[in-house]
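Throughout, numbering of the chain's residues begins at 1 and tracks the sequence. Just so you know, these numbers come straight off a predicted model, no measurement behind them.
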Amino acid sequence: MLFLSFHPSLFPNSYSRFHISSSLPPNSNNGHNHQRTSPSQVPIKSPTPPWMKVPLLLQPHELVDLSNPKSKKFKPEKHELSDKALMGKEVRGKRAMKKIVDRVEKLHKTQNSNETRVDSLNVENFGGYLEILKENEEVRSKGRMPWEKDEKFGFVKVKREKAVTAAELTLDKALLRRLRNEAARMRTWIKVKKAGVTQDVVDQIKRTWRRNELAMIKFDIPLCRNMDRAREIVETKTGGLVVLSKKDFLVVYRGCNHQLTTKGSPSLRTNHYEMNRVELATKGDICRVESNHSSSETLSWNADHKDSISTGIQDVNCQLVNGSLYERETERLLDGLGPRFIDWWMHKPLPVDADLLPEEVPGFQPPFRLCPPHSSAKLTDYELTYFRKLAQSLPTHFVLGRNKGLKGLASAILKLWEKSLIAKIAIKYGIPNTDNEMMANELKCLTGGVLLLRNKFYILLYRGNDFLPRSVASLVEKRELELKSRQLHEEVARMKAIQAFSPIDEVPLDTSTSGTLTEFRKIQTKLEDTKSVNVDSNIQLEAEICRLEKELKEEQRRAFILNKKIKRSERELSKLNAAWTPSEQDTDLEIMTDEERECFRKIGLKMQSSLLLGRRGIFDGVLEGLHQHWKHREVVKVITMQKLFSQVINTAKVLETESGGILVSVDKLKEGHAIIIYRGKNYKRPSIKLAKNLLTKREALRRSLEMQRIGSMKFFAHQREQAISELEADLQQKKEIELREFAN
C-alpha cells in the first residue's frame, strides 16, 4: 500500500514536499535487502490533465519550478515544488505575512538596541537621554504596523442640553413622576388654534382644572413649531406648570395651592405667582421673575380689561436679567415704541404689538424728505436685493393684525428708522380678513418709505435714501424759512429803492422782473406744477416710446431673417426648376370625334384602377405608371388633389405633352379631380425610358417642400411688414406728442 504525505515548509518561499512510502513487505524474491531511498530520489506525483486516468510520477530533477512566475530562468537547486506552485496559483497572503514578520523582527531589534543604549548612559546626562527618547519615538513612528492608521481629527456633534422647566425646579420628584404618568394616559385635550392662547383657551383650562388637576393642550401652527415658547406663554397666562411636553402637546398642572372662588370661576392665585423667586431656565439663559401675592391678586381676566392685562403680563415676562447680547440690543432698540406682543410664536425678544397702538395720532404728518446731492431716491435692483437679504437676519419689530388706522404704527416706525434702516412687520395668524396689500399701501403713504417685500407673513419697509431724522429735518426746515425771509427782505428793499429814485410827476412804468424774487417764485411755481402734473404722464409716455422702439427693432430683425430664408429657398428652387426641361407639344395630333370622346370619358370614369398624383407632382415615375396602365387598357384615369382648377388644367396639359396621349376630359370627383387621357390609335409602348427631362422622385419631393416653404415664409413676411408699418406709425405719433409737450 502506498502513502502520500505532505510536509509544508516554515517559510513561504520554500516548496512543499511529497513523500510516497509503501507498507508492503520487501520482496522476498530479490536477492538483497530493500534499501531506503533518499527524499531527493523519491518520484513525485505531478498534476495531470482531466483525460489522464493514470497518475504521472516524475523525478525531482524533471520538474519545473513555477512558484515564481516572474523569473524565466530555471533554478535546478530548488527541487521540491508544491501543487499550487506548479499550477501557478500562489496565495497572496504569503507575501503580506512575510512583510509583517520582517517588520516585527526589525522592531524588536531596534527596541532592544535602544534599551541597551539607555541603560549604558549616565543619569546625569539628561540631554542625551532626551535625544535617545526622541530617536526612539521616530523609530516607532517609522516602524508602525500595517494595520495602524493615522489619527484623524473630527468634529463631534455636541448634544444640546435639555432645558430645565419650572416644574422640575419647584415640584417634588415623586409628585412630578406621578403627574407625568397620569399625563401619558390622557386622551382628551384643548385645541389651541392659530390665534394662540386666547382668553377662551385660558377659561377652558380653568374649567378643566375644576374637575382634574391636569389639562392637556394641543397647539396648531405657528406655536407648534416652537414648543418652548408655547410653554412659556401657557405658564404665564394660566399660572400653571407644564409637567409634560410631547410633540405638539402640553400637559399643564394647576399647582398645589390652586383655589376656586365662591362662584366657581378660576382665580390667578396659584403657587406659581405666590413664590417670591422662581428660577426659570430656557435655552441656557436663566432668568428670575419676582412677584408677590398682592400683585397677583390685583390681576383680573375680564374681557373689558384685555389691553391692560396683556401689558401687565408682558412687563413681568420680559424683564430679562441675563439675556444674550442679541436680545439686549433688540430690547434697547424696541424700548419706548409700544407694548409687547406676549403671544409671539418665535424666540425672544418679543416684538411690539401694533394693534395696541393708537389708531389716530393728533398732528401726525408724513415726514419731511430731502435727497442728498448727487444721489437718487430710487433704489436699484442691486440695492433692493441687498436690503432684502439684510432683513432676513433682523429681528421682528412689530406684529400687525388690522388693516386700517395705522397712524400710531407709522409714528413708531418713524421713531425706529432713526436707529434702523429697515422696519420688519409680521402679520398675525388667525386674524380674519387681513389684507397685507392694504396694510402695505397705507403704511407706505403714511411714512413715505420704500416697500421691499410684501406677502402673507411679513412686510418690509425701507426708510429711503431721502429720509431725514427729526433733528436734521427741523434744522433744514428752519434754514429754508430763514432763506425765504431773507429773500423777502431783499425784495422789499429793492421796491423801496425804485420808488425813491423815480420822479414824482412821471407815471410809474412796469419795471422788469428779471433777477427779482417774483421771477424766481414764478419759475419755481411753474416747475413744481409741471412736475406734479406731467411727471407721471411723461414717464408713461417715455416708457411707451421705449417699448415701441424695442418692438420695432425686434420685428425688423425677424423680417430680415425671413427675407434671408426666402432668398435661400428661391435659389434652391431655381436649381431644381433648371433640372426640369418640359417637352414640346407634338403638332401632329390625332383627331377625336365628340362621340369617341364621350365614350372614352364614360369608360374612364367607370374604371376602378387609377393613378394617384401626390404632392410631388409630375416626375418620371408618373409617366412610367401611365405607360403601365396603357399596356392593358386604352384609357388611364389620373386623380389629383389640387384645389385650384387652373392648376388642374395645367397638370392635365403637362401630362398630355409629356406622355404623347390625348386629353379626353377633366371631371370633378368626390376625392378630387379626374384627368382622363387616351393613349391613341397608333400607340406603341416605348422600349426605353422617355422621361429623361423630368425630375426624379427625390428631386420632385425637394421641389415640393421648397415651394411650400417659400409660400409660408412669404405669408409670415407679409405679416411682419404690416406689423412694422403699424409700429412705425404709432412711434411717430408718440414722438409728436412728446415734442408738443416739450414745447409747451
Interatomic spacing from [atom1] in [X] to [atom2] in [Y] - rounded to 0.5 Å:
{"X": "K714", "Y": "I566", "atom1": "NZ", "atom2": "CD1", "answer": "7.0 Å"}
{"X": "T385", "Y": "L390", "atom1": "OG1", "atom2": "CG", "answer": "12.5 Å"}
{"X": "I676", "Y": "L605", "atom1": "CD1", "atom2": "CG", "answer": "4.0 Å"}

Between [X] (side chain only) and [Y] (backbone N and O only), is there a donor and an acceptor less than 3.5 Å apart?
{"X": "K194", "Y": "P222", "result": "no"}
{"X": "R597", "Y": "L663", "result": "yes"}
{"X": "K697", "Y": "G621", "result": "no"}
{"X": "R402", "Y": "D355", "result": "yes"}
{"X": "R369", "Y": "G448", "result": "yes"}
{"X": "S420", "Y": "W417", "result": "no"}
{"X": "R679", "Y": "W630", "result": "yes"}
{"X": "R685", "Y": "H627", "result": "yes"}
{"X": "S574", "Y": "R571", "result": "yes"}

Taking atom types as modelled, find out whether [X] and [Y] have a side-chain donor-acceptor pair closer than 3.5 angstrom.
{"X": "R720", "Y": "Q556", "answer": "no"}
{"X": "R616", "Y": "S704", "answer": "no"}
{"X": "D200", "Y": "T198", "answer": "no"}

With a cut-off of 6.0 Å (strictly less than), are more than 12 heavy atoms of other residues, nucleotides or ligands near CE of M707?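 Check fails, neighbour count at 12 or below.
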E596, M592, R601, E656 screened by side-chain contact (heavy atoms from CB on, under 4.5 Å) with Y678, the one that passes: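 One option only clears the test, and that one is M592.
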Taking the basic N atoms (NZ, or NE/NH1/NH2) and the acidic carboxylate oxygens, is any pair closer than 4.0 Å for [X] and [Y]?
{"X": "R703", "Y": "E706", "result": "no"}
{"X": "K404", "Y": "E359", "result": "no"}
{"X": "R702", "Y": "E699", "result": "no"}
{"X": "R557", "Y": "E554", "result": "yes"}

How close do F219 and C224 get, counting heavy atoms only, and between which atoms?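 So the two residues come closest at O-CB, 3.6 Å.
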Stepwise salt bridge (Lys or Arg N to Asp or Glu O under 4.0 Å) test for R547 and E544: CA-CA 5 Å; R547 184 185 64 82; E544 186 68 18; 2.3 Å; yes
